[in-house]
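As the structure is a prediction and not an experimental result, all values here were calculated from the model.
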Amino acid sequence: MKIVFLDAMSVGDVKFDSIEQEGEFQPYKLSSKDEVKERIKDAEVVITNKVYMGREEIEAAKKLKLICVSATGYNNIDIGAAKEAGVVVANAAGYSTNSVAQHVFAMILEIYTSLSKYDNAVKSGEWQKSPIFTMNCYPSFELSGKKIGIIGYGEIGIKVEKIAEAFGMEVMVSESRSGRESSRKRVPFEQVLKEADIITLHTPLSQDTKNMISYNEFEMMKEGAVIINTARGGIINEDALYKALREKQIYGAATDVMEKEPPIEGSKLFELNNIVVTPHTAWAAAESRQKLIEIVADNIKRFKSGDKSLDLCYKK
């Protein structure tokens, strides 16, 4: 089988041995929209992380049988067009659970301990000027006893819950906004907004979740609340987030994702000192990226063996 990886640069310095064992493998660092059709015209398998595979691209690849998304989210694939063409679509679930969960707490701890502020103060000579042995010029809080609201309770949400419990936090698991995922363990979405000290998002981006957190939701939150987004840009309305942070409607925020990535035109959020922003790297621990490649290789192997259970076209 001819296997083409359209944006291999996105997974960094990993080993592709397991994929190479499954066919004739051609990785491209990056692929522009104009290059995609030519590169996939003879491919039976296309691997893509963020390169868009729409109807036009799928129809141009006459031999295409399988699209492997080297990510969990697959909003860059036209599922309807793939289904019509008889092309199987498989994503990679679960590879980044540990990496994302630890990134969530790195962000929380950054906000709750002022770690980088103190680091900068020491390196700029401020500690040396202190009349006592320490400095207490930036706020610091304990996680123990705080309420953390988890919105999106898949593998990552469950992992975040376990870590939160180790810190002595009280966990609130949100129902879906529609209330469809009700259970004794889950609490209403609005209750989480009103009561949680920290809210962390782990839900896919969809029509139902786009702008799920807007200014109306920020108004429900505690003044001291912190919101964390390691899911997808667009779940939080960025204009509303800016307003809430600027007006101190909430205490702080941290995001690993933005509506437009990379933010070529910048963002007014970068002007604020009560938000932490990382460049969509929560998933990207070295171990996580290699596990991702092994899952993609396994998806190809499963497809070759006739296993259709991995096809996202029939899971929507």
Side-chain angles (χ1 to χ4, degrees), residues 100-132 134-149 151 160 163-164 167 169 192-202 211-284:
V100 174
Q102 75 177 28
H103 198 92
V104 168
F105 280 92
M107 288 177 146
I108 292 171
L109 290 167
E110 168 62 26
I111 294 171
Y112 261 52
T113 65
S114 301
L115 193 68
S116 64
K117 292 185 176 71
Y118 277 117
D119 178 62
N120 290 333
V122 170
K123 291 174 180 175
S124 65
E126 292 303 309
W127 190 16
Q128 295 88 317
K129 299 174 186 177
S130 176
I132 57 174
T134 186
M135 291 175 64
N136 288 310
C137 52
Y138 299 113
S140 181
F141 309 97
E142 291 184 355
L143 291 181
S144 180
K146 298 296 190 296
K147 291 183 178 180
I148 184 167
I151 299 176
V160 167
I163 298 172
F167 274 108
M169 303 180 76
V192 171
L193 296 181
K194 292 174 182 177
E195 296 182 11
D197 299 294
I198 298 168
I199 294 170
T200 179
L201 304 177
H202 302 289
N211 292 323
M212 180 175 69
I213 307 295
S214 199
Y215 198 72
N216 181 60
E217 285 70 35
F218 286 121
E219 287 183 312
M220 296 184 198
M221 296 179 194
K222 293 180 176 181
E223 188 175 326
V226 168
I227 190 164
I228 310 291
N229 187 8
T230 54
R232 283 291 185 270
I235 295 174
I236 298 178
N237 181 288
E238 290 182 5
D239 290 334
L241 176 60
Y242 175 79
K243 183 179 180 183
L245 290 170
R246 187 190 62 191
E247 297 178 354
K248 304 295 193 292
Q249 183 71 43
I250 61 171
Y251 180 76
T255 186
D256 185 54
V257 289
M258 302 196 72
E259 290 178 9
K260 185 175 181 180
E261 297 177 345
I264 297 169
E265 298 169 358
S267 170
K268 55 189 177 183
L269 289 169
F270 302 161
E271 303 166 5
L272 304 173
N273 62 9
N274 53 349
I275 183 171
V276 174
V277 184
T278 53
H280 206 140
T281 54
W283 65 279

Taking the side chain as everything from C-beta on, heavy atoms only, tell me whether [X] gets closer than 4.5 Å to [Y].
{"X": "Y112", "Y": "D197", "result": "yes"}
{"X": "I198", "Y": "I111", "result": "no"}
{"X": "I108", "Y": "T200", "result": "no"}
{"X": "K260", "Y": "E265", "result": "yes"}

When you measure from the centre of the six-membered ring of Y215, is the NZ or CZ of K243 under 6.0 Å away and within 45° of the axis?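 Cation-pi check for K243 and Y215: passes.
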
Minimum heavy-atom separation for [X] and [Y], please, with both atom names.
{"X": "N237", "Y": "A240", "value": "OD1-N, 2.9 Å"}
{"X": "A196", "Y": "G149", "value": "CB-N, 3.7 Å"}
{"X": "E259", "Y": "E238", "value": "N-OE2, 2.7 Å"}
{"X": "L201", "Y": "A231", "value": "O-CB, 3.6 Å"}
{"X": "N274", "Y": "Y251", "value": "CB-O, 3.6 Å"}

N229 and side-chain contact (heavy atoms from CB on, under 4.5 Å): which single residue from I151, I236, V104, I199 fits?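 Of the listed options, the one satisfying the test is I236.
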
If we ignore hydrogens and angles and just use 3.5 Å, is the side chain of D256 paired with the main-chain N or O of A282 as donor and acceptor?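 Indeed, once roles are kept as given, a pair shorter than 3.5 Å links the two residues.
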
Any side-chain to backbone donor/acceptor pair from N211 onto S214? Under 3.5 Å, distance only.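 Not confirmed, N211 side chain does not pair with S214 backbone.
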
Results of salt bridge (charged side-chain N to carboxylate O under 4.0 Å, His left out) for K147 - residues two or more places apart only: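 Salt bridge (charged side-chain N to carboxylate O under 4.0 Å, His left out) list for K147, sorted by chain: E195.
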
Anything under 3.5 Å between a donor and an acceptor, one on a side chain of residues 135-144, the other on a protein residue two or more places apart or in another chain? List them.
none

Scan for salt bridge (Lys or Arg N to Asp or Glu O under 4.0 Å) pairs involving residues 223-232, sequence neighbours excluded, and state none if there are none.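 Residue pairs passing salt bridge (Lys or Arg N to Asp or Glu O under 4.0 Å), neighbours aside: none found.
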
Residues that T255 engages under side chain to side chain donor-acceptor pair (under 3.5 Å), provided they are two or more places apart: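 Partners of T255 by the side chain to side chain donor-acceptor pair (under 3.5 Å) criterion come out as none, since no residue qualifies.
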
Partners of E110 by side chain to side chain donor-acceptor pair (under 3.5 Å), sequence neighbours excluded?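 Here the qualifying residues are S116.
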
Partners of Y242 by ring-ring contact (aromatic ring centres under 6.0 Å, His included), sequence neighbours excluded?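 For Y242, no residue satisfies ring-ring contact (aromatic ring centres under 6.0 Å, His included) once neighbours in sequence are set aside.
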
I'd like to know whether N120 forms a side-chain contact (heavy atoms from CB on, under 4.5 Å) with E126, so could you lay out the CA-CA distance, the side-chain angles of the two residues, the decisive distance to 0.1 Å, and finally the verdict. CA-CA 9 Å; N120 290 333; E126 292 303 309; over 6 Å; no

